Amino acid sequence: MVLKNFIVFEGIDGSGTSTQIKKLRDSNPQKYIQTAEPTTGETGRFLRRILSGEIKVDEKTSTFLFAADRCEHLYGENGIIELLKQGKSIISDRYLFSSLAYQSVKCGKDLPRLLNSTFPLPEYLFYFEINPELSLARVTSRGEKKEIYENLETQKKTAGLYEEVIQEYEKNPQGMKIIRLDASKSIEEVYSFIQNILNKNS
């Protein structure tokens, strides 16, 4: 099932998804609602502590937690489904595709695919393609403490898995519109590209 007016931005860390979502939301705050995974709910906050390295868990545990957080993100109070019914357009920074990439690095592909197999697909999936060296340089330039996945080896493996996932959905999009974009371009160039796609299909 595809959820109309649900837009997802995906890419490795430093690809610029958060920046572009904020710009799109600010362009029309009455229309667009910005959201992200992990969420700001209890499970999402716990996941962020795991990502920061504060809490250590087995990768399979975090895979279950990401799926639980996603379920609440969709079906919980003021979740994606409820907001879409109100006529809003939702833009999410990451969704199930990130689990199929990131969590598959260490615990294999089977569990992430199983846990995410029943979730609906977005109407639009924007995949931010970027060289891992460049994206990690952007992360480093922030001057913030890095999360557990923010190292070159993990980013390279994740980028490879993202490519596999995107290619699979390109072969069978199930009604989802998949758009690849060059995330190495300037913020304004990427933003203009996204706007043109959404305006053309609105």
Side-chain angles (χ1 to χ4, degrees), residues 1-26 28-107 111-128 139 142 144-150 154 158 161-162 165 176 194:
M1 181 177 71
V2 167
L3 297 178
K4 188 170 176 55
N5 298 321
F6 179 33
I7 304 162
V8 170
F9 287 4
E10 289 278 4
I12 58 176
D13 296 283
S15 60
T17 56
S18 302
T19 299
Q20 294 300 330
I21 286 180
K22 184 177 184 303
K23 283 183 70 64
L24 197 58
R25 181 208 63 194
D26 291 348
N28 192 342
Q30 299 303 314
K31 178 180 180 181
Y32 293 116
I33 292 181
Q34 175 184 355
T35 186
E37 294 186 357
T39 68
T40 57
E42 290 294 335
T43 307
R45 289 200 292 272
F46 185 68
L47 275 166
R48 292 191 184 278
R49 293 175 68 191
I50 293 171
L51 291 173
S52 73
E54 178 187 349
I55 298 172
K56 297 188 185 304
V57 300
D58 184 86
E59 193 68 30
K60 292 186 289 295
T61 302
S62 63
T63 303
F64 276 100
L65 289 169
F66 272 107
D69 187 45
R70 184 163 298 124
C71 190
E72 190 66 15
H73 191 200
L74 279 163
Y75 303 111
E77 186 177 359
N78 294 317
I80 290 167
I81 301 294
E82 185 177 323
L83 292 169
L84 289 173
K85 287 179 179 178
Q86 296 173 14
K88 304 293 185 181
S89 291
I90 312 298
I91 323 167
S92 182
D93 189 355
R94 302 252 172 94
Y95 187 51
L96 65 89
F97 313 97
S98 61
S99 280
L100 299 182
Y102 276 91
Q103 271 65 64
S104 295
V105 171
K106 291 186 177 178
C107 76
L111 184 60
R113 287 170 186 261
L114 174 65
L115 295 177
N116 290 280
S117 60
T118 63
F119 291 129
L121 297 173
E123 181 179 8
Y124 289 94
L125 167 59
F126 285 90
Y127 176 50
F128 287 53
V139 171
R142 297 173 189 161
E144 301 171 355
K145 182 184 176 183
K146 291 181 181 178
E147 293 186 341
I148 58 174
Y149 298 134
E150 291 176 341
T154 300
T158 304
L161 286 162
Y162 256 130
V165 169
M176 176 174 60
I194 294 169

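Remember, it's a predicted structure, so these values are computed and weren't measured experimentally.
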Considering only residues two or more places apart or on different chains, which pairs with a residue in residues 35-48 satisfy salt bridge (Lys or Arg N to Asp or Glu O under 4.0 Å)?
Glu37-Arg70, Glu42-Arg45
Can you list everything that forms a side-chain hydrogen bond (donor to acceptor under 3.5 Å, both in side chains) with Lys106? Sequence neighbours excluded, please.
none
Can you confirm whether Phe64 is buried at CZ, in the sense that more than 12 heavy atoms of other residues, nucleotides or ligands lie under 6.0 Å from that atom?
no
Would you say that more than 12 heavy atoms from the other residues, nucleotides or ligands in this model lie under 6.0 Å from the NZ of Lys60, or not?
no
For residues [X] and [Y], report the shortest heavy-atom separation together with the two atoms involved.
X: Leu74; Y: Pro120; value: CD1-CD, 3.9 Å
X: Arg94; Y: Gly11; value: NH2-O, 2.8 Å
X: Ala67; Y: Leu115; value: CB-CB, 3.9 Å
X: Pro38; Y: Asp69; value: CA-OD2, 3.3 Å
X: Pro112; Y: Gln103; value: CG-CB, 3.9 Å
X: Thr63; Y: Cys107; value: OG1-SG, 3.5 Å

Residues that Ile55 engages under side chain to side chain contact (heavy atoms under 4.5 Å, CB included), provided they are two or more places apart:
Phe46, Arg49, Ile50, Val57
Taken in chain and number order and not counting sequence neighbours, the residues that satisfy side chain to side chain contact (heavy atoms under 4.5 Å, CB included) with Gln34 are Ile21, Lys22, Arg25
Indicate yes or no: at least one non-hydrogen side-chain atom of [X] is less than 4.5 angstrom from one of [Y].
X: Tyr95; Y: Thr35; value: no
X: Ile81; Y: Leu3; value: yes
X: Glu123; Y: Ile7; value: no
X: Arg142; Y: Glu150; value: yes

Begin from the C-alpha positions of Tyr149 and Thr158 and carry the test side chain to side chain contact (heavy atoms under 4.5 Å, CB included) through to its verdict.
CA-CA 9 Å; Tyr149 298 134; Thr158 304; 5.9 Å; no
How are the rings of Phe9 and Phe128 set relative to one another: parallel (under 30°), tilted (30 to 60°) or perpendicular (over 60°)?
tilted
Heavy-atom donor-acceptor pair, Ser104 side chain to Leu100 backbone, under 3.5 Å:
yes
Write out all pairs satisfying side-chain hydrogen bond (donor to acceptor under 3.5 Å, both in side chains) with one or both partners inside residues 76-91, taking only residues at least two apart or from two chains.
none
Scan for side-chain hydrogen bond (donor to acceptor under 3.5 Å, both in side chains) pairs involving residues 9-20, sequence neighbours excluded, and state none if there are none.
Glu10-Tyr162, Asp13-Tyr102, Asp13-Gln155, Thr17-Asp93, Ser18-Asp93
